[in-house]
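First comes the structure, then the notes that go with it.
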Amino acid sequence: MSLITVTKSDTLPITLADVKSHLLVEHDLDDDLITSYIWTAISYAEDYTGRDFTATTYDWVLSCWHEKFELPRVPVTAITSLKYYDSDNSQQTWSSSNYYTIIPTNMPAILVPDANITKPSLKARPDAITIRFSAGYTALPWQVDAAIKLIVGHLYENRQAEITGTITTELKLGVDRLLSQHRSVWGC
């Protein structure tokens, strides 16, 4: 199984002005730097939680039919297609009338082939089935918004790989604590 990013939005889910206000930055000299830190923080949050905070389209590639397909990202906004390679090694699109979907807000979406429909034979190959779907929040949960601001603040204040001569401690209600409330723990 592999998950391939097809498209990813280049629109920030949090405004530069909002982050600069959090950082108490009133000038425009570091806008590009802060913007890059925002993208870094979003990437960290997405990797940590298994969720998408920007609109993203994926191809999920599998080698065989399953009784049900639990999609590996949250929140899924749409399942676009299920394509497969038939026994003649020609790619086909399986009609959406042959399966149903369950797309909850805070849990993995599920695609379930209709038990009354015979699944087509597949060509034996690692990419026999491709499920295309979209995922992403339309608005950031407040905990993720706060975590992104904390990460950007840390990166903005500490621009080196190491800090010497200081004692540091992680905030008890820091980034991981905020993000853990949105961490996906479901299997694929």
Side-chain angles (χ1 to χ4, degrees), residues 1-61 68-82 96 99-112 130-159 170-188:
M1 290 186 278
S2 63
L3 189 63
I4 300 164
T5 302
V6 177
T7 61
K8 187 156 188 74
S9 173
D10 58 359
T11 302
L12 288 171
I14 184 172
T15 67
L16 176 62
D18 197 25
V19 173
K20 285 175 63 174
S21 175
H22 171 78
L23 298 174
L24 303 176
V25 172
E26 296 178 354
H27 57 79
D28 297 336
L29 299 173
D30 291 336
D31 283 6
D32 289 344
L33 178 66
I34 294 168
T35 299
S36 73
Y37 289 161
I38 294 169
W39 282 116
T40 300
I42 291 165
S43 178
Y44 177 85
E46 289 179 339
D47 288 345
Y48 184 88
T49 62
R51 293 172 183 258
D52 287 287
F53 300 113
T54 57
T56 308
T57 300
Y58 292 104
D59 278 347
W60 189 32
V61 180
K68 69 177 183 175
F69 298 92
E70 188 174 296
L71 279 66
R73 298 298 286 185
V74 175
V76 169
T77 54
I79 297 173
T80 309
S81 65
L82 187 155
S96 60
Y99 58 85
Y100 65 93
T101 58
I102 303 168
I103 304 178
T105 303
N106 286 316
M107 294 174 54
I110 299 170
L111 182 149
V112 183
T130 300
I131 298 173
R132 179 163 286 186
F133 68 96
S134 300
Y137 282 85
T138 55
L140 287 179
W142 70 266
Q143 299 94 334
V144 176
D145 181 276
I148 288 170
K149 290 175 183 171
L150 287 174
I151 293 168
V152 173
H154 172 78
L155 294 171
Y156 189 72
E157 292 299 319
N158 303 289
R159 299 182 190 195
E170 187 176 338
L171 293 172
K172 289 183 181 186
L173 294 175
V175 170
D176 290 349
R177 184 76 180 255
L178 289 166
L179 292 177
S180 67
Q181 299 174 55
H182 294 279
R183 196 166 200 177
S184 294
V185 293
W186 305 279
C188 302

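Just so you know, these numbers come straight off a predicted model, no measurement behind them. Atoms considered below: every heavy atom in the structure, side chains included; atoms not considered: hydrogens, waters and symmetry mates.
Remark: Y58 OH to T7 OG1 distance equals 9.5 Å, nearest 0.5 Å. The CD atom of E46 lies 11.0 Å from the CG atom of L179; values are rounded to the nearest 0.5 Å. The CZ atom of F133 sits 11.5 Å away from the OG atom of S81 when rounded to the nearest 0.5 Å.
For T101 (side chain) and I103 (main-chain N/O), no donor-acceptor pair under 3.5 Å exists by modelled atom type. Proximity of a side-chain donor or acceptor of S43 to a complementary backbone N or O of W39 within less than 3.5 Å is not detected. When atom types are taken as modelled, the side chain of T77 and the backbone of S134 share a donor-acceptor pair closer than 3.5 angstrom. For the pair T35 (side chain) and D31 (backbone), a donor-acceptor distance under 3.5 Å is present. Checked by atom type and distance alone, the side chain of R73 never pairs as donor or acceptor with a backbone atom of T57 at under 3.5 Å.
Looking at heavy atoms from C-beta onward, Y37 lies out of side-chain contact with I151 at the 4.5 angstrom threshold. The closest side-chain heavy-atom distance from I42 to L12 is below 4.5 Å. Residues L71 and P108 fail the side-chain proximity criterion, which asks for heavy atoms closer than 4.5 Å. By the 4.5 Å heavy-atom criterion applied to side chains, F53 and I148 are not counted as neighbours. For the pair I102/M107, no side-chain contact is recorded, criterion being any heavy-atom separation below 4.5 Å from C-beta on. Inter-residue side-chain proximity for Y137 and P13 is flagged as unmet; no heavy-atom pair is nearer than 4.5 Å. At a threshold of 4.5 Å between non-hydrogen side-chain atoms, the residues V175 and Y48 do not count as touching. No side-chain heavy atom of D59 sits less than 4.5 Å from a side-chain heavy atom of I131.
For D30 and K20, the salt-bridge test fails: no basic side-chain N is under 4.0 Å from an acidic carboxylate O.
Contact between P104 and A109 at its shortest, heavy atoms only, is CD-CA, 4.0 Å. When all heavy atoms are compared, the tightest approach of L178 to L150 is CD1-CD1, 3.8 Å. Across all non-hydrogen atoms, the minimal contact from N106 to V74 is C-CG1, 4.1 Å. Of all heavy-atom pairs between I110 and V112, the closest is CG2-CG2, 3.4 Å.
At most 12 non-hydrogen atoms from other residues, nucleotides or ligands lie less than 6.0 angstrom from CG of D32.
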If you apply the rule side-chain contact (heavy atoms from CB on, under 4.5 Å), what do you find for F69 with Y99, and how did you get there? CA-CA 11 Å; F69 298 92; Y99 58 85; over 6 Å; no

As a quick check of understanding, evaluate side-chain contact (heavy atoms from CB on, under 4.5 Å) for T49 and V144, giving each step before the final call. CA-CA 10 Å; T49 62; V144 176; 5.7 Å; no

